[in-house]
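All remarks here apply to the structure that follows.
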Amino acid sequence: MLRKIIIAFVSISALVLGLVAGPAAADTDRALAAKASAVTAGSRVVVTISGPKPSKAALVVSGKRYPLKRKGPVWRTKSLSAAVLNRFAGAKATVKVTVRGKKKTVKTTISGTTTTPPTGPGTGTTPLFAAPGVDKEGDPAYQAVKEYFLNSTLTDCPAGWGVGCSVEQRYGIFGDGTQWYCRLTPNSGSDIRSVGTITQILYAAQKADGAWRVDYAMNSYGDTVYYSVNVAASGSAAVLYWGPGVNPGGPASDQTSGLTWMRGAKDCSY
């Protein structure tokens, strides 16, 4: 009888310990299956890491390690030179993360385009955005970049659907706060067209070279969703999206990179 009681106690203890350890073990397992995406934005490389939040992260390109620091929902390198960013565009890279003491290396490709050529007298090149020469954040930054943010289009097909590509993704941001997301295909029945209204600007930043970022909340068919628009001085852009019920302080639900900023807002008309 005593032997059966001891065995039952050991079994129950093991079950309780398993329940306590289960979530941490599951988090670790998810960490080992983490994914990462990277894009050049301004003077940095911005990395989005899915899964549980790492305690440490680093980007490795061509054998060189670049420590990453968390900034809101993303991880970023320190400011890098234009020459380095030009080499990074389209380069294969790895992201090393540490979660609960476990280390994992995941592969990614750095999206983005080369940076804007030097501008000034005699160069014949006009910058897309005014370069303030200093970094700005908050309302001063938003006041400086809202003319670029509002009445703009971000697209992966600058020539327009049916001309430069058969499938186009684009965001049209209008001056009244209306935003359209469009995925246009050869078959109109397969198109995705959604519209919402920006309700609050949450954060804005402008880099010394003119690159900028705007984070905002939007009402989409009765739900609150969140976006972060990141545009480099060259005009290359990425949009991060957090869907209904998703914490904007965590990993994004989706990221669209390889976009180009264009002046003038477009809806989902072909």
Side-chain angles (χ1 to χ4, degrees), residues 23 26-27 29-31 33-39 41 46-54 57 70-76 97 99 106 108 111 137-139 141-142 145-146 149-157 161 167-185 187-205 212-231 237-259 261 265-269:
D27 279 353
D29 289 343
R30 289 200 303 273
K35 295 182 180 180
S37 58
V39 60
V46 177
V47 180
T48 301
I49 302 171
S50 64
K53 295 179 181 179
R70 190 175 183 87
K71 180 72 173 179
V74 299
W75 294 76
R76 309 188 307 171
V97 299
V99 179
V106 294
T108 189
S111 302
E137 290 186 293
D139 189 63
Y142 181 69
V145 306
K146 68 179 182 180
F149 171 63
L150 298 175
N151 291 314
S152 70
T153 294
L154 305 164
T155 177
D156 62 1
C157 186
W161 181 88
V167 177
E168 178 188 11
Q169 286 193 92
R170 70 172 178 245
Y171 298 82
I173 304 171
F174 288 74
D176 64 358
T178 300
Q179 175 178 294
W180 283 88
Y181 167 72
C182 323
R183 186 178 187 276
L184 306 177
T185 69
N187 180 3
S188 61
S190 300
D191 290 353
I192 298 174
R193 305 167 186 237
S194 64
V195 65
T197 302
I198 296 172
T199 56
Q200 184 180 5
I201 301 298
L202 302 175
Y203 175 78
W212 53 273
R213 166 185 169 183
V214 176
D215 297 357
Y216 53 97
M218 189 178 85
N219 180 286
S220 177
Y221 304 101
D223 291 318
T224 298
V225 297
Y226 301 90
Y227 285 87
S228 177
V229 170
N230 299 262
V231 183
V239 176
L240 282 69
Y241 166 76
W242 290 262
V246 179
N247 180 3
S253 304
D254 188 46
Q255 174 177 319
T256 307
S257 56
L259 302 173
W261 175 89
K266 297 177 66 176
D267 59 15
C268 293
S269 303

Test side-chain contact (heavy atoms from CB on, under 4.5 Å) applied to Asn230 and Leu240, step by step: CA-CA 8 Å; Asn230 299 262; Leu240 282 69; 3.9 Å; yes

Minimum heavy-atom separation for [X] and [Y], please, with both atom names.
| X | Y | value |
| --- | --- | --- |
| Met218 | Ile198 | CG-N, 3.8 Å |
| Thr48 | Ala252 | CG2-N, 4.4 Å |
| Gly250 | Trp242 | O-NE1, 2.9 Å |
| Ser253 | Gly243 | OG-N, 3.0 Å |
| Thr153 | Gly172 | OG1-CA, 4.3 Å |
| Leu184 | Ser269 | CD1-O, 4.4 Å |

pair [X]-[Y]: side-chain heavy atoms closer than 4.5 Å:
| X | Y | answer |
| --- | --- | --- |
| Asp156 | Arg170 | no |
| Gln169 | Leu154 | no |
| Ser228 | Tyr203 | no |
| Trp180 | Lys266 | no |
| Pro54 | Ile49 | yes |

Geometric class of the Tyr241/Tyr227 ring pair [parallel <30°, tilted 30-60°, perpendicular >60°]: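 Judged by the thresholds at 30° and 60°, the geometry between Tyr227 and Tyr241 is tilted.
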
Find the distance between [atom1] ([X]) and [atom2] ([Y]) and round it off to the nearest 0.5 Å.
| X | Y | atom1 | atom2 | answer |
| --- | --- | --- | --- | --- |
| Asn151 | Ile173 | CG | CD1 | 10.0 Å |
| Trp212 | Lys146 | CH2 | NZ | 13.5 Å |
| Tyr142 | Leu150 | OH | CG | 4.0 Å |
| Cys268 | Arg183 | SG | CZ | 12.5 Å |
| Cys182 | Asp191 | SG | CG | 9.0 Å |

Backbone N/O of Ala217 and side chain of Thr199: donor-acceptor pair under 3.5 Å: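 Yes; at least one donor-acceptor contact below 3.5 Å.
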
side-chain contact (heavy atoms from CB on, under 4.5 Å) partner of Val229, chosen from Tyr171, Tyr216, Trp261: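 The option that passes is Tyr216.
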
Residues Thr178 and Asp176: side-chain donor-acceptor under 3.5 angstrom: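 Yes, because at least one side-chain N or O of Thr178 sits under 3.5 Å from a partner of the opposite role on Asp176.
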
Tyr181 and Ser220: side chain donor to acceptor below 3.5 Å: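 Looking only at side-chain atoms, Ser220 and Tyr181 do not form any donor-acceptor pair under 3.5 Å.
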
